[in-house]
Amino acid sequence: MNETELWLKIKESLSTSEIVDEEVYNDYITTAKLIKNDQDEYNLIVKSQFAIRVITPLKDVIVKAIKKHLGHLVIFNFITAAQYKENQKQLKEVVASKPVSPFATKKYSAMFENFIEGESNKQAFLASKMIAHNPGKQYIPLFIYGDSGLGKTHLLQAIYNEVTDKKPELKTLFLTSESLIKRVVDVLYKDHDAIESFKEELMSYDVLLIDDIQFLAKKEKTNEIFFTIFNHFIENNKQLVFSSDKSPDNLNGFDKRIITRFDMGLTTSIKTLDFETAVLITKAEIKIQGIRQSISYEALNYLATYYADDVRKIKGSISKISFWGIQNEVVKEIDMDVISTLFKDVSTANLGILNVKKVKEIVGEKYGVSVKSIDGKARTANIANARHLSMYLVKNILNHSLSQIGTEFGGKDHTTVINAVNKIENLMNTDKNFKLVVEVLKTKILSK
Ligand code: ADP
Ligand code: MG
């Protein structure tokens with residue numbers, strides 16, 4: 001039964017149903033159209049949003065009728081004609097923009113396009129792109145190392161996506177160490193032939209990407225197997241890519257000869273995110289997760305500063321905010337108050353951005369100006385002095401970077417911060433009383 005026939009039958013039963021008002025039937029049911037999409041979902045297209053509101057109470061009855069006629073439950077929704085048109089248009093665009101290659105569908109969502117580049121990951125990012133564009137031409141192997149959550153797997157999967165997309169003729173394999181160890185343990189239990197055919201299978205690839213290679217260390221027999229495999233790739237100019245949480249030199253548990261091979265191509269590291277990159281990733285994540293509320297400077301900085309050691313934690317913190325945001329739609333801005341209630345588990349010693357606020361408060365009190373005016377643009381002597389001294393103290397006590405301080409003070413340029421710090425240092429050198437004032441304020445801030 002196609003959807004037109006199905007809808008006819010349902011209309012029939014609705015026309016005789018007591019719960020359907022005649023006017024509703026004539027105005028909204030007779031004019032509606034049932035459409036099934038390729039996900040096996042049924043949509044009833046109606047005239048307007050208002051029509052949806054009117055016939056929503058009938059949803060149960062319609063779903064039951066569909067079930068009765070088809071013999072199984074389906075997903076069913078109301079949709080306006082305008083919405084339907086828009087969906088169709090978007091669908092067409094997606095289809096049209098898809099390259100014809102059967103390899104065009106990406107296996108992983110991690111891509112170069114959604115990797116955010118910064119000082120800390122620049123080298124690894126560039127090296128990965130070069131490898132992806134020209135696998136097997138230089139740098140065999142590429143070895144990327146760094147702490148957890150800094151984007152190693154992301155880069156390996158992006159290489160995989162790019163190579164399978166642009167060079168479908170190459171046989172490419174992405175392996176997690178976990179799955180590799182399972183395979184190895186499995187063949188080791190079998191006979192010599194099993195080991196040989198396993199080696200041959202891996203050596204049949206042109207591009208081999210192994211994630212978290214550190215887990216393969218200290219597995220005695222695997223050394224032998226992988227030595228053969230890695231040599232085969234190197235000798236035949238085929239691309240190898242490894243990721244690890246340690247540099248080759250610190251990878252204990254591998255034979256010296258394997259370590260040497262890790263180091264033969266290009267070894268590059270990803271470091272803990274610098275502040276600017278952390279801010280960019282945090283902002284991107286806020287966009288990705290579609291948070292409706294705006295986020296204050298301080299809140300953004302807080303997240304970027306305290307989760308910079310692991311992008312997963314940034315994502316986790318945004319998920320937490322997103323969930324909170326949905327429940328508290330009336331709140332228009334996520335500020336430090338929200339953050340400090342949401343992240344109660346974070347020890348207050350870590351609340352560095354709150355410390356920035358504390359610095360501003362204590363200095364502001366001394367100069368008789370508000371935190372708001374310290375963050376603002378006014379340049380009256382008292383405000384400017386309080387601003388400069390606060391910047392100096394944040395640098396001196398909390399050791400934040402210049403551009404970070406700029407952001408923390410209402411989005412000022414880092415040169416403004418340099419000038420402020422220099423000015424205060426000069427004053428302290430020439431004016432003993434001023435120096436004393438600064439020392440007292442510093443003690444006060446540190447003792448709070
Ligand atoms: P690792 O393998 O180093 O432990 P992952 O690659 O799994 O880290 O990264 C953790 C998460 O953070 C993933 O969702 C990844 O997409 C994301 N991520 C890491 N670095 C970046 C970056 N520079 N830009 C965008 N997303 C990133
Ligand atoms: Mg990983």
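For the single chain, residues carry numbers from 1 onward in sequence order. What you see below is based on every heavy atom in this structure, not just the backbone, and it leaves out hydrogens, waters and symmetry mates. Order of appearance sets the numbers: ligands from 1, and atoms from 1 within every ligand. Everything numeric in this text was worked out from a predicted model, so none of it was measured.
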Checklist entry - Short list, please: which atoms of ligand 1 are under 4.0 Å from a heavy atom of Ser148? => result 4 (O)

Next on the checklist: Distance check below 2.8 Å: does Ser243 bring an N, O or S atom to the Mg ion (ligand 2)?
Outcome noted: no

Next on the checklist: Check the orientation of Phe262 and Phe254. Use parallel for under 30°, tilted for 30 to 60°, and perpendicular for over 60°.
Outcome noted: perpendicular

Checklist entry - Run the ring pair (Phe, Tyr, Trp, His ring centres under 6.0 Å) check on Tyr205 and Phe233 step by step: do they pass? => result CA-CA 9 Å; Tyr205 284 94; Phe233 273 82; 8.2 Å; no

Checklist outcome for this item: Gly151 heavy atoms within 4.0 Å reach ligand 1 at atoms 1 (P), 3 (O), 5 (P), 6 (O), 8 (O), 9 (O), 19 (C), 20 (N)

Item to check | Atoms of ligand 1, numbered as shown, that sit under 4.0 Å from any heavy atom of Val311 | outcome: 12 (O), 17 (C), 18 (N), 19 (C), 20 (N), 27 (C)

Checklist entry - Which heavy atom of the protein is the closest neighbour of atom 1 (P) of ligand 1, given with residue, atom name and distance? => result Gly149 N, 3.4 Å

Item to check | Stacked cation flag Arg261 on Phe227, 6.0 angstrom / 45 deg | outcome: no

Checklist entry - Can you check whether Tyr297 and Phe409 have ring centres sitting under 6.0 Å from each other? => result no

Checklist entry - Who's the nearest protein heavy-atom neighbour of atom 24 (N) of ligand 1, and how far? => result Ile116 N, 2.8 Å

Item to check | Minimum non-hydrogen distance to atom 7 (O) of ligand 1, winning option of Lys152, Arg312, His154 | outcome: Arg312

Checklist entry - Of all the atoms in ligand 1, which lie at a distance below 4.0 Å from a heavy atom belonging to Asn121? => result 23 (N)

Next on the checklist: Taking the cut-offs as 6.0 angstrom to the six-membered ring centre and 45 degrees off its axis, would you call Lys246 and Tyr145 a cation-pi pair?
Outcome noted: no

Next on the checklist: For atom 25 (C) of ligand 1, tell me which residue out of Ile281, Asn114, Thr153 has the closest non-hydrogen atom.
Outcome noted: Asn114

Item to check | Aromatic Tyr392 / basic Lys423 pairing, under 6.0 angstrom, 45° off normal | outcome: no

Checklist entry - Would Lys444 and Glu365 pass as an ion pair if we require N to O under 4.0 Å? => result yes

Item to check | Stacked cation flag Lys59 on Phe76, 6.0 angstrom / 45 deg | outcome: no

Item to check | atom 21 (C) of ligand 1: the protein heavy-atom neighbour that sits closest, reported with distance to 0.1 Å | outcome: Phe115 CE1, 3.8 Å

Next on the checklist: Please determine whether any non-hydrogen atom of Lys315 lies less than 4.0 Å from an atom of ligand 1.
Outcome noted: yes

